[in-house]
Structures are given as C-alpha cells and as structure tokens.
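Treat the numbers as computed from the prediction; the structure is a model and nothing was measured. Note on naming: letters A, B, ... go to the chains in the order of the sequence lines (proteins, then strands), and numbering restarts at 1 for each one.
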Amino acid sequence: MTGFDRGKRLLIGVTSFLLAACVAASTIGSGPRAQPDEDYWNALRVPGANEVEDYGSFGDMAASADLIVRGRLGTLEVGRIIRGDAEEDVVAMTSAGVFDAQILAGTGPTDGLAVEFLAPFPATSVQGILDRANAASPSGDVLLFLRDKGGAESGIFRLVSATGLWEINEGRPRAPLAEANGLGPNHRFAGELTDVSSFDGLITLVENRL
Amino acid sequence: MSGFTTLRGVAVRSAMWGALAGAAIPNASATNFGSTGTQGAGGTNNGVWLIFDSYFVIGKRALGATADASVDAAYTSLNSTTDIIGFTQTYGSSCETAAADAAYESCFFDDNYGNNNLLGWNACFGSVTGTHPNQVCSIQFTRLNTAYSANGSLSQYNACHEMAHTVGLRHSTDSASCLMTFASGGSSSTLTAHDRAHVNAQY
C-alpha cells in the first residue's frame, strides 16, 4: 500500500490546488444568486440519507406528525453535541427558532418553539457553514410537520422527514430538503398540489387533510 | 427510546406500503450511481461520493460488536462480488488526521445518535475532486445510528446501505438491493447484479 499511498497523496495535493483555483475563480466571477435561500437549505440537506420515516401524502404526514405549525424560521445555531466512543466521532446538531408560530394541529409551544436538525458536517466546520447559511435565511413562511423526539429527547422537535418542510417558491409549493434525494420539487405530493399557488392555499390543503 | 422509535418506523413503513400500492414504481434498473454530495463554506458536507479507484480501505472506529460484524459482512460481500479490493481494519487512532486521509477511503462509526430519523449518513471529511456525478472524496465518515439499527439483520442492511453510498451507489427501488430506502421497505443486506455492474463499470 506504500506506493499507492504516495500516489494518493500526490493526487490529493494536485487536485486540491486545482480545486482551490477553481473556487477562487468562481468567487471572483460570481453574480447574484438565482435562489438566495439555497445556502440555508444546503446546510440542512442530507443527500443519500436513509430515513426512518417518509410519507407519500399530506394526509399520511399530517396524521403521523406530533405538531403541524406555520411560521418563519430563524437563524441556525449550533445546538447539542453528541459524542460517540471514538474521539473524533463528534456529531453536531443545529436548531432554528420558529417565529410567529401558528399551530394547525397537535400541541406544542408557540413561544420558544425550535426545530432541531442534524449537521452532517465535520464539527469543526459547522459554525462556518451556519454563518453562510444564515446570510441566506428564508424570509417567507414555512409549513412544518414536526416530531417530538420522545424518550430522553422529549420536548425536542425535528421534521418528521425531509418532506416535512414546505415553502412557496416563485408561486409553487416546494419541499426544499426533499430535493437532496434526487426528488422533484413536489416529490410524491405533486398530485395534491396541482391547484396550490400560494401559502394560504397550501395551508387550506393541509387543513382539509386533518 | 430505541424500541419506541423502531416501532414508529415499522408503523410508518406499513403505511408507506399502503400508499405505494397504487403508485407507479420507477424502473428498478434506472441509474443509481454517481456522486451527489453538497458543499458548504468551510468544508465538504453530506451525500454520496466516489472513491479514487478500486482500492477501498475501511477504518473501523470503536464499533460495537453488532455493527463491527455488519461492516465486515458488508465489506466481504462487496470485496467478493465486485472489482473492489482492499480490506477493513480496526483503527486505533483518530481518523481526523492526514495519515488516516491517506490510508483510508472511509472510517465507520456507530453510536446512539438519537431519534434523528436517519439510520445512517456519510460526511466527506477530506478533500473533494472532480465534478458531479464523478466527484471523489478523499475520506468519508460513515455513521450507523444504533438508535434504529441495534438488531443484527437491520444492522447488516444499514451497513450494506451506507457502505454502498461510500463507493458511489445511490438509492434503488429494487427490494432485493440494500440500497432501497428503509421507509420504502428496504431490508436486504446485499447488492444486486445491477448495483454490482455500476461498481464494476466505475472501478
């Protein structure tokens, strides 16, 4: 493996240099972002994640959620740190407050409600990623389908799945975190969303499923 | 908590099968290979990447007995049924070093990471090269969440699933593949001929 390792190191060095040059060039030449929220959503996406819960309709998702709420997401902050047995096995969680929360179903706090997310990055990189994400915080309302984590984590809320967060983007309903798994903007919910073009329309649709 | 969350997951899976029963299932032979990882400021993030070449060396880091056996089984299967070659090694030092980056394609960890809805996930901890769908990560950190996968068969499925992601395989709709998502009913602990063909075409 010695020769292989040397080759690998050389390849890493050369490609890292080229990558850095490309990043620098793209930064210098970049214009306005087409979707300014993307850095925020990118910080929360987990492509390839194997989810325990997933849903195929608003009715199923609403029936399963512990709390359904409408509100605005605040800045992402570093939250709990979970440490495994290995010294470098450090998993950071982030959380975002939900402001102007309106509960559509379930019970939960309207003041001080926060949603916890996994930060699947090296723990040392989390703050920098969140700084960039928070510069692109979404300003519009979101619809959240939440799970109380229960057990030792009771009172901590997460999304029921990647499809548990919805916004209206350019007049269309969108589940931005579900796009990480190669799914279209409307995922399996497209059939239910044909006539929805506003956030109030989305709320009405969900209320009709409760 | 593990029992609570696993029971909830099973209930959801049942509901999913009902929901999917009348839906069109995508062609199981569709392409399920290629990198998807996203990048953020200060480092590379989560997703699916490729490895440099057919040499695939895994560092096992403080794994519990069940996860350790599952990672071994998944690796043995990959090693014996594809062109991937290499080995697994119980690694006694931190994988957060240049030496580990040079020696390993992936380090595997397991723990109860809580009810976060994920059986497992990959994070690129090293440098990335190339562009999607052929982006390579120099070292990945792969987590197996024992909050959901403490039992043997589920642990084997989970190890096979996450290890397959570390070499570039994406989710599959074929129930015979460990790359079918858990929520869609995935439980196999092996790759299919289709999955293996993707691996062999790349490496």
Side-chain angles (χ1 to χ4, degrees), chain A residues 1 4-5 8-9 11-12 15-16 18-19 39 42-43 45-57 60 63-64 80 82-89 91 93 116 118 120-122 124-129 131-133 147 149-153 158-162 180-182 188, chain B residues 1 4-5 8-9 12 15-16 19-20 23 36-48 52 55 57 61-62 94-96 101-103 109-111 113-123 125-130 138 141 143 148 158 161-162 165 170-171 181-184 186:
Chain A
M1 295 296 295
F4 166 68
D5 285 346
K8 186 176 174 183
R9 286 195 188 97
L11 185 57
I12 290 170
T15 51
S16 297
L18 292 173
L19 182 64
D39 283 339
N42 266 338
R45 288 171 172 147
V46 189
N50 196 7
E51 295 191 295
V52 175
E53 298 183 50
D54 193 13
Y55 299 92
S57 72
D60 286 345
S64 176
R80 296 187 297 156
I82 300 174
R83 296 181 184 278
D85 293 331
E87 60 184 282
E88 74 277 32
D89 187 14
V91 174
M93 310 297 288
E116 187 176 71
L118 171 73
F121 327 108
T124 51
S125 302
V126 171
Q127 190 58 59
I129 291 170
D131 288 345
R132 177 169 166 174
R147 168 80 58 235
K149 290 192 166 188
E153 300 173 295
R158 64 165 167 84
L159 300 179
V160 294
S161 73
N181 290 327
R188 290 181 293 266
Chain B
M1 190 187 69
F4 168 79
T5 52
R8 187 193 299 277
V12 171
M16 275 301 300
L20 288 172
T36 64
T38 56
Q39 287 185 270
T44 50
N45 306 347
N46 39 309
V48 176
F52 279 115
Y55 288 97
V57 185
R61 289 287 289 140
S94 171
C95 280
E96 231 174 4
D101 193 330
F109 306 87
D110 77 320
D111 209 274
Y113 299 109
N115 182 6
N116 63 12
N117 199 35
L118 302 179
L119 276 87
W121 68 95
N122 284 325
F125 203 86
S127 55
V128 296
T129 51
S138 63
F141 279 17
R143 260 84 177 205
Y148 304 113
N158 198 22
H161 185 104
E162 294 305 328
H165 281 324
R170 300 177 185 172
H171 288 159
T181 61
F182 179 76
S184 298

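Checked by atom type, the side-chain pair B/Thr181/A/Asn50 shows no donor-acceptor distance below 3.5 Å.
The residue among B/His165, B/Glu162, B/Arg143 with the most heavy atom pairs within less than 4.5 Å of chain A is B/Arg143. Contact count versus chain A (heavy atoms, under 4.5 Å) is highest, among B/Leu119, B/Asp111, B/Asn117, for B/Asn117.
Only the side chain of B/Phe141 comes within contact range of chain A, with at least one heavy atom under 4.5 Å from a heavy atom of that chain. For A/Val160, the part lying near chain B is the backbone, with the side chain staying farther off; criterion is any non-hydrogen pair under 4.5 Å.
Note that CZ of B/Arg61 is 4.0 Å distant from CD of A/Glu88, once rounded to the nearest 0.5 Å.
Every residue two or more places apart in sequence or in another chain was checked for a salt bridge (Lys or Arg N to Asp or Glu O under 4.0 Å) with B/Arg170, and none qualifies. Under the salt bridge (Lys or Arg N to Asp or Glu O under 4.0 Å) criterion, A/Glu116 pairs with A/Arg80, A/Lys149, not counting sequence neighbours.
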